[in-house]
Amino acid sequence: HMKKVTAKQLRTIIYVRETLKKFVDGDLEKFDAYGLVFDQLDKRRITLTEICDIANSVGLARGVIRMRRHQFLGMK
């Protein structure tokens with residue numbers, strides 16, 4: 001059972017999915033893609049777990065997302 005998703009949350013989910021899909025398809029550089037996605041996370045529009053689920057749906061491993069997040073936090 002999914003909790004009710006607001007239109008704003010849905011837009012964020014779609015945006016994150018499209019961004020990660022572009023990266024997977026080779027249309028977006030890795031650090032650009034992760035920068036855009038983690039910006040949504042930093043603005044508290046989405047959780048890391050949700051990002052991992054979305055990434056998994058486009059063929060990226062959940063663990064890779066968490067590793068990249070760790071790298072990004074290390075660069076701040």
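We number each residue from 1, following the sequence as shown.
Nearest approach of Glu50 to Thr47, heavy atoms of both residues: OE1-N, 2.8 Å. Counting all heavy atoms, side chain and backbone alike, Leu41 lies closest to Leu48 at CD1-N, 3.4 Å. Across all non-hydrogen atoms, the minimal contact from Cys52 to Arg62 is O-CG, 3.5 Å.
By the side chain to side chain donor-acceptor pair (under 3.5 Å) test, Glu18 pairs with no residue at all, sequence neighbours left out.
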Begin with the C-alpha distance, continue with both residues' side-chain angles, and end with the deciding distance and a verdict on side chain to side chain contact (heavy atoms under 4.5 Å, CB included) for Thr19 and Gln40. CA-CA 11 Å; Thr19 301; Gln40 298 298 307; over 6 Å; no

Let's go through Leu73 and Phe38 carefully: what are the C-alpha distance in whole Å and the side-chain angles of both, what is the deciding distance for side chain to side chain contact (heavy atoms under 4.5 Å, CB included) to 0.1 Å, and is it a yes or a no? CA-CA 10 Å; Leu73 291 175; Phe38 292 147; over 6 Å; no

Please test Phe23 against Val37 for side chain to side chain contact (heavy atoms under 4.5 Å, CB included), starting from the C-alpha separation and ending with a verdict. CA-CA 11 Å; Phe23 163 55; Val37 168; over 6 Å; no

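Atom CD1 of Ile65 sits about 12.0 Å away from atom OG1 of Thr49, to the nearest 0.5 Å. For the atom pair CD1 (Ile46) and CZ (Arg11), the distance works out to 13.0 Å, reported to the nearest 0.5 Å. Taking CD1 of Ile51 as the start and CZ of Arg68 as the end, the distance is 14.0 Å to the nearest 0.5 Å.
Transitive grouping of hydrophobic side chains (ILVMFWY, heavy atoms separated by less than 4.5 Å) brings Leu20 and Ile14 into a common cluster.
The side-chain hydrogen bond (donor to acceptor under 3.5 Å, both in side chains) pairs that include a residue from residues 25-34 are Lys21-Asp25, where partners are two or more places apart or lie in different chains.
Aromatic ring orientation, Phe31 versus Phe72: tilted (interplanar angle from 30° to 60°).
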